[in-house]
Structure formats: C-alpha cells, structure tokens
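First the proteins, then the strands, lettered A, B, ... as listed; each starts at 1.
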Amino acid sequence: MIEGLAALYIFMLAGFTGYEIISRVPVILHTPLMSGSNFVHGIVLVGAMIALGIAATPTEQIIGFFAVLLGAGNAVGGYVVTERMLEMFKSSDKGSEG
Amino acid sequence: METIIQAAYFIVAVIFIVGLKQMSSPVTARRGILWAGAAMVTATLVTFLNPQIIDDNQAATNVGLIILAIAIGGGYAWWSGKRVAMTDMPQMIAMYNGMGGGAAAAIAAVELLDATSKASNSSSTIADVMGADIAVLGILGAIIGTISFSGSIIAWAKLDGRLNRSRLLPGQHFINAIIAIVTIGFAVSIYFSAGNLAPIVIFFSLALVLGIFITIPVGGADMPVIISLFNALTGLAVGFEGYVLGNAAMIIAGIVVGSAGSLLTHLMAVAMNRSVANVFFAGVGTETGATGDGGEQGEMKEIQAQDAGILMAFASQVVIIPGYGMAVAQAQHKIWELTQLLDDKGVSIKFAIHPVAGRMPGHMNVLLAEAGVPYDMIYDMEDINADFQTTTVALVIGANDVVNPSAKSDTSSPLYGMPILDAIDSDNVIVIKRGRGAGFSGVENPLFFADNTKMLFGDGQKAASELIQAVKELS
C-alpha cells in the first residue's frame with residue numbers, strides 16, 4: 001500500500017515526468033501521442049478488475065462489471081488506434097512506396 | 001505473491017513512461033506503443049493473481065464476470081478501432097477516453113457503495129471507514145471521471161455528426177455553476193454521511209449532467225482542446241482511484257497522463273489563439289460580432305487546372321498546405337500522386353502543416369502518412385514559414401483560416417493574433433476551393449483576393465486529378 005506523504009511524492013514526480021515527456025514532442029506526433037496517453041490511462045482496467053473482484057453485492061457486481069467493460073474498451077481501443085496511426089509513419093529514406 | 005504483483009506493477013509503470021517517451025520521436029514511436037501494449041497485457045494478467053480477488057468468497061463468479069466483461073469491452077473496442085477511418089480518429093479517441101473516465105467513476109462507485117454498507121453497519125461515517133485521504137481522493141476521482149465520461153460521449157456525438165447543437169442556452173454558465181456547486185455539496189455530504197445511498201446516486205447523476213452541459217456549447221473547432229482536456233482529466237481520475245486501491249501503476253500512469261495531457265491541452269489552445277477558459281465559456285459562432293467586417297474585398301482570379309499544373313511543373317519549389325477540407329474530399333492520395341510526379345520533374349516539394357490543421361494537432365500528419373507521404377517531407381509552421389519567400393508555388397488545398405493574413409494585420413479580425421502560414425509570401429499562391437464562401441470561422445480571407453493568388457475552384461479530389469493530368473501531359 002502507498003500512503004500519505006509517499007503518495008504525495010509519487011504524484012509530484014509523476015506530474016513532472018508527464019510534463020517532460022510532452023514538452024519535447026514535435027507537433028506531428030501530437031495526435032498519436034494523445035492517443036497513446038489515452039491508451040496508457042487504460043491501466044484503469046486493472047483497478048476495475050480489483051473493484052469487480054471484491055464486489056460483494058449484486059449492485060456492486062453490476063457496476064464493477066461496467067467498470068471492467070469500459071476499462072477494457074479504453075485499453076484495447078486506445079492500443080488499436082494508436083498502433084494503426086504510428087504504423088503509417090515512415091521515413092522517405094527506407095523505401096517510400098505508398 | 002503480493003511482492004511479485006507489486007514488482008510487476010512497478011515494471012509496468014516504468015515501461016509506460018519509457019513507451020510514452022519513445023512515442024515522442026517518429027523513429028521510435030512504433031516501438032513505444034508495442035512496449036506499452038505488452039506492459040498492459042502483463043498488468044492485466046498479473047491482476048488475476050491478486051489475493052484480494054482470489055481470496056474473495058465470490059471469487060469464481062467475479063473472475064468469470066471479469067473475463068466476460070473484458071471479452072465484451074475489449075472485443076468491441078478492437079472491432080471498432082480496426083475499422084474506423086483515419087478522418088474519424090478524433091471522435092474514436094474521445095469515445096475510448098470517455099470509457100476510461102467511466103471506468104474510473106465506476107470504481108469509485110463500487111468503493112463508495114462498499115464503504116456505505118460498512119458505515120451503516122458500524123454506525124460511523126464514510127470518511128471513518130475509508131480513511132479521510134482515501135475518501136477525499138476517491139470522491140474527487142468520481143466527479144472528474146464522471147464528467148470526463150459524459151463529456152467525452154457528447155464530444156464523440158458532436159464530432160461524429162450525431163449532435164449538431166453548439167448553442168448556448170440562456171444563462172447556461174449560470175446553470176452550470178449552480179450544478180457544479182450542488183454537486184460539490186453532495187460530495188461533501190457523502191464524505192460525512194453515515195451510509196446513505198441517496199446522496200451517492202444524486203451525486204453521480206449531477207456529475208453526469210454537468211459533463212453534458214459543459215460540452216454541449218463548445219464549438220466544433222474547439223473540440224480538440226476539449227478532447228485533450230478530458231484525456232487529462234481521465235488520467236487524473238485514474239491516478240486518484242489508483243490511490244484508493246493502493247495501486248502504484250495506476251497512480252503513476254494516471255498522473256503522468258494527467259500532467260502530459262494538461263500541457264498538451266494548453267499547447268493546443270495556444271496554437272488556436274484561445275485560452276482554455278475561453279473555449280469553455282464562449283463557443284465559436286455564439287460570440288456576437290465574431291464575423292469581422294470583411295474589409296477591402298476585390299476580385300478573385302480564377303485559374304484552370306491545366307495552367308496551374310504547368311506552373312507547378314516548372315517551379316523550383318512547391319509548398320503544399322493541406323487543411324481539413326482535403327481530408328473531407330479524400331484528396332490526400334491524389335495529392336501524394338501529384339507530389340511524386342512533380343518530384344520526378346525535379347521540383348522541390350514540401351508539406352506545410354499548421355498546428356491546428358485537421359481536427360486535432362497532428363491529425364493532418366496522420367492523414368498524410370496514411371496516403372504514404374514520408375514524414376520528413378512534412379514541416380511544422382515554424383520550420384517552413386521562412387521558406388515561403390523562396391517558394392514558387394504555394395498550393396493551398398482545403399485550408400483557409402490558417403493562411404489568412406488578416407490574423408497578422410487586422411486587429412478587428414477574430415483571428416487576430418493567431419499564428420499563420422505565410423503562404424502569401426510565395427511568388428504564386430494556388431487555392432483549391434469548393435466555392436467562394438468564407439472559412440470555418442466565417443472570416444473573409446484577403447489571401448484569396450491578393451495579386452499573386454489564383455483560385456482553382458472545384459472539389460479537392462477532382463482538382464487534384466486534373467492537376468495530375470495536366471502535369472502528365474507535359475511529359
């Protein structure tokens with residue numbers, strides 16, 4: 001478990017990390033990168049699985065089920081569209097047949 | 001077992017950060033997403049070993065439900081993600097993002113319901129049961145996630161053409177403010193409540209409505225900013241719920257996305273000469289008097305494709321400026337064919353992309369990449385603007401506001417102050433355009449009346465085909 005002050009440090013360092021990553025990105029990659037970061041917060045799937053895993057009542061199970069469903073949609077959809085976009089980026093050096 | 005799981009989450013978090021870093025260069029971007037994908041699969045598989053899940057007395061049912069939900073949600077997303085057209089990418093990202101926000105909110109709902117039953121059994125408050133820090137962040141994540149969920153769905157519907165209304169209701173901002181205040185009031189009451197269901201239900205309903213109301217007035221041109229903002233918000237919500245669950249991977253990944261997304265939102269707003277607050281509180285088109293007065297007009301000079309083709313074939317340098325109109329006309333493949341023909345004739349060709357070309361920053365690059373244009377032919381605004389002085393022909397296709405010189409000179413123009421591509425500095429400007437109307441923002445474009453500008457009227461794809469024909473006939 002992560003608690004109190006330790007969590008605060010994690011929040012801060014993660015915040016700076018995100019800032020650093022974006023500030024050096026060329027505009028041409030903004031859309032793929034937004035899509036990529038959209039995929040990364042698909043990690044919510046893990047939390048959704050735990051929420052459904054510990055669900056006790058039927059109501060909690062229904063909500064937990066939707067959490068996992070939506071989380072899986074975020075993760076899988078985010079991956080598929082990002083991968084499709086990045087796949088198309090190629091340099092003219094190594095063969096540029098369209 | 002617990003240690004192994006935590007170690008796996010730690011590695012996953014590191015790979016996410018490295019993966020995002022790799023996505024910041026076109027050379028390594030592909031590798032970045034593949035690594036991040038592998039990390040996500042690892043995180044998912046490891047979670048099945050979590051003792052909280054395995055040791056639960058309903059483990060068999062719940063694990064079954066988890067697998068079923070992943071199959072349905074993941075299957076649908078895979079199917080839709082594989083077949084969406086590149087032009088429709090922005091709304092797809094909005095939808096997947098909304099799903100993430102909804103998942104974060106649902107996690108909070110499960111935790112709050114769980115705490116509610118515990119609180120009513122032990123006659124204490126939710127804050128006591130969950131712990132003050134967890135309760136605060138959990139409820140905050142619930143608000144943010146829910147707003148991101150309903151707001152993203154509206155953004156998706158608007159970009160997908162299912163919802164065309166961008167008007168402001170009378171007193172809309174006032175109503176929004178009231179709803180926001182009442183929502184926060186219920187959030188506070190949940191924190192102190194001793195296991196009542198009603199406040200939780202009302203709280204989530206209000207947050208849903210708030211997300212819808214915030215997004216409805218936003219104009220189509222501002223949608224990228226909103227999507228990016230919701231992306232950041234979802235990240236934040238995921239980070240907060242990660243704290244509730246004590247999951248380091250969720251905290252790190254969520255907060256990294258939250259901060260990266262916030263910066264990206266700001267960069268986009270700056271590129272569009274708007275502030276983030278401005279995007280929310282004034283939709284384009286609902287502002288009164290935002291149309292400009294047109295100013296001095298003049299005569300548009302028409303050119304035939306034949307002549308335009310010859311002009312370009314014998315140019316020393318051609319710069320192509322594509323806008324969203326090119327994508328709508330599906331002309332990017334023809335444009336790339338034209339580019340190759342001109343390249344064979346020894347013409348130096350570059351593509352110039354304005355930061356807000358397309359529906360999102362970088363969207364135009366994706367559309368050109370799809371047509372096969374290599375990324376080293378594509379230049380950002382800062383890198384290309386000086387080149388227009390030495391350019392023989394600037395070919396503008398489907399773009400308008402991003403080459404409007406009144407953004408530089410006319411202080412009364414709503415575009416004033418927006419950085420533009422200096423196409424007007426070229427020896428010749430050829431504008432491929434459907435009709436004589438004004439651009440997306442409704443502002444007249446003096447470039448179209450300039451002495452060195454010729455208009456090539458017609459559908460983008462058809463015009464590009466005619467140009468190809470004209471260039472081919474020369475050889």
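Between A:Ala7 and B:Tyr243 the shortest heavy-atom distance is CB-CE1, 3.2 Å. Scanning both residues, B:Ala103 and A:Leu70, for their nearest heavy atoms gives N-CD1, 3.9 Å. Nearest approach of A:Val80 to B:Gly81, heavy atoms of both residues: CG1-C, 3.5 Å. Smallest separation of non-hydrogen atoms from B:Gly74 and A:Ala72: N-CB, 3.7 Å. Taking every heavy atom of both residues into account, A:Ile43 and B:Ala43 meet most closely at CD1-CB, 3.8 Å.
Aromatic ring pairs are classed by plane angle as parallel below 30°, tilted from 30° to 60° and perpendicular above 60°; the pair B:Phe240 and A:Phe11 is perpendicular.
In this structure a side-chain-to-backbone donor-acceptor pair under 3.5 Å is present from B:Ser259 to A:Tyr19. No donor-acceptor pair closer than 3.5 Å links the side chain of A:Arg84 to the backbone N or O of B:Met86. Of the possible donor and acceptor atoms, none in the side chain of B:Asn247 sits under 3.5 Å from a partner among the backbone N and O of A:Gly47.
If you measure heavy-atom distances from A:Leu45 to chain B, the contacts under 4.5 Å come from the side chain alone. Heavy atoms closer than 4.5 Å to chain A are found nowhere in B:Ser80, neither backbone nor side chain. For B:Val12, the part lying near chain A is the side chain, with the backbone staying farther off; criterion is any non-hydrogen pair under 4.5 Å. Using a 4.5 Å cut-off between heavy atoms, B:Val110 touches chain A through backbone and side chain atoms alike. Heavy atoms closer than 4.5 Å to chain A are found nowhere in B:Ser262, neither backbone nor side chain. With a 4.5 Å cut-off on non-hydrogen atoms, B:Leu112 does not touch chain A at all. For B:Leu264, the parts sitting under 4.5 Å from any heavy atom of chain A are the backbone and the side chain alike. Contact annotation for B:Arg83: only backbone heavy atoms (N, CA, C, O) come within less than 4.5 Å of a heavy atom of chain A. For B:Leu34, the parts lying under 4.5 angstrom from a heavy atom of chain A are both the backbone and the side chain.
When B:Asn57, B:Leu68, B:Val46 are compared by the number of non-hydrogen pairs under 4.5 Å with chain A, B:Leu68 comes out ahead. Counting heavy-atom pairs under 4.5 Å between each of B:Ile72, B:Asp114, B:Val373, B:Ile378 and chain A puts B:Asp114 at the top. Top candidate by heavy-atom pairs under 4.5 Å with chain B, chosen from A:Val68, A:Leu33, A:Leu52, A:Ile63, is A:Leu52. Comparing B:Ala71, B:Gly258, B:Ala29 by heavy-atom pairs within less than 4.5 Å of chain A, the highest count is held by B:Ala29. Heavy-atom pairs under 4.5 Å with chain A peak, among B:Leu113, B:Leu20, B:Val63, at B:Leu20. Counting heavy-atom pairs closer than 4.5 Å to chain A, the top residue among B:Asp56, B:Asn365, B:Thr234 is B:Asn365. Of the listed residues (B:Glu111, B:Met381, B:Met99), the greatest number of heavy-atom pairs within a distance under 4.5 Å of chain A belongs to B:Met99.
With rounding to the nearest 0.5 angstrom, the CD1 atom of B:Ile227 is 9.5 Å from the OG1 atom of A:Thr31. From A:Met85, atom CE reaches atom CG of B:Leu367 across 10.0 Å, with rounding to the nearest 0.5 Å. A:Leu5 contributes atom CG, which lies 11.5 Å from atom CG of B:Asp133 (distance to the nearest 0.5 angstrom).
Looking at B:Asn50 and A:Ile50, their side chains come closer than 4.5 Å, going by heavy atoms from C-beta outward. Between B:Asn97 and A:Asn74, the closest side-chain pair of non-hydrogen atoms is not below 4.5 Å. Counting heavy atoms from C-beta outward, A:His41 and B:Asn231 have side chains that approach closer than 4.5 Å. Looking at A:Phe39 and B:Ile93, their side chains never come closer than 4.5 Å, going by heavy atoms from C-beta outward. Counting only heavy atoms from C-beta outward, the side chains of B:Val366 and A:Pro32 approach each other to under 4.5 Å. Side-chain contact between A:Val46 and B:Tyr9: present, with at least one pair of heavy atoms (C-beta onward) separated by less than 4.5 Å. Residues A:Ile10 and B:Ile252 have side chains in contact (heavy-atom distance under 4.5 Å, counting atoms from C-beta outward). Between B:Met23 and A:Ile21 there is no side-chain heavy-atom pair separated by less than 4.5 Å.
The local environment of CZ in A:Phe66 is sparse, with at most 12 non-hydrogen atoms from other residues, nucleotides or ligands closer than 6.0 Å. Under a cut-off of 6.0 angstrom, the local environment of CZ in B:Phe48 is crowded, with over 12 non-hydrogen atoms contributed by other residues, nucleotides or ligands. The local environment of NE2 in B:His266 is sparse, with at most 12 non-hydrogen atoms from other residues, nucleotides or ligands closer than 6.0 Å.
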Check against side chain to side chain contact (heavy atoms under 4.5 Å, CB included), B:Leu368 and A:Met88: CA-CA 9 Å; B:Leu368 289 175; A:Met88 296 179 316; over 6 Å; no
Given side chain to side chain contact (heavy atoms under 4.5 Å, CB included), test B:Tyr96 with A:Val76 step by step and report yes or no. CA-CA 9 Å; B:Tyr96 297 140; A:Val76 174; over 6 Å; no
Please lay out, stage by stage, how A:Phe16 and B:Ile255 fare under the test side chain to side chain contact (heavy atoms under 4.5 Å, CB included). CA-CA 9 Å; A:Phe16 279 116; B:Ile255 299 298; over 6 Å; no
What verdict does the side chain to side chain contact (heavy atoms under 4.5 Å, CB included) test give for A:Gln61 and B:Gln58, after you've listed the backbone C-alpha separation in whole Å, the side-chain angles of each residue and the deciding distance to 0.1 Å? CA-CA 10 Å; A:Gln61 281 175 322; B:Gln58 299 194 58; 3.1 Å; yes
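Ion pair B:Arg30/A:Glu83 flagged as a salt bridge, since at least one NZ, NE, NH1 or NH2 atom sits closer than 4.0 Å to an Asp/Glu carboxylate oxygen.
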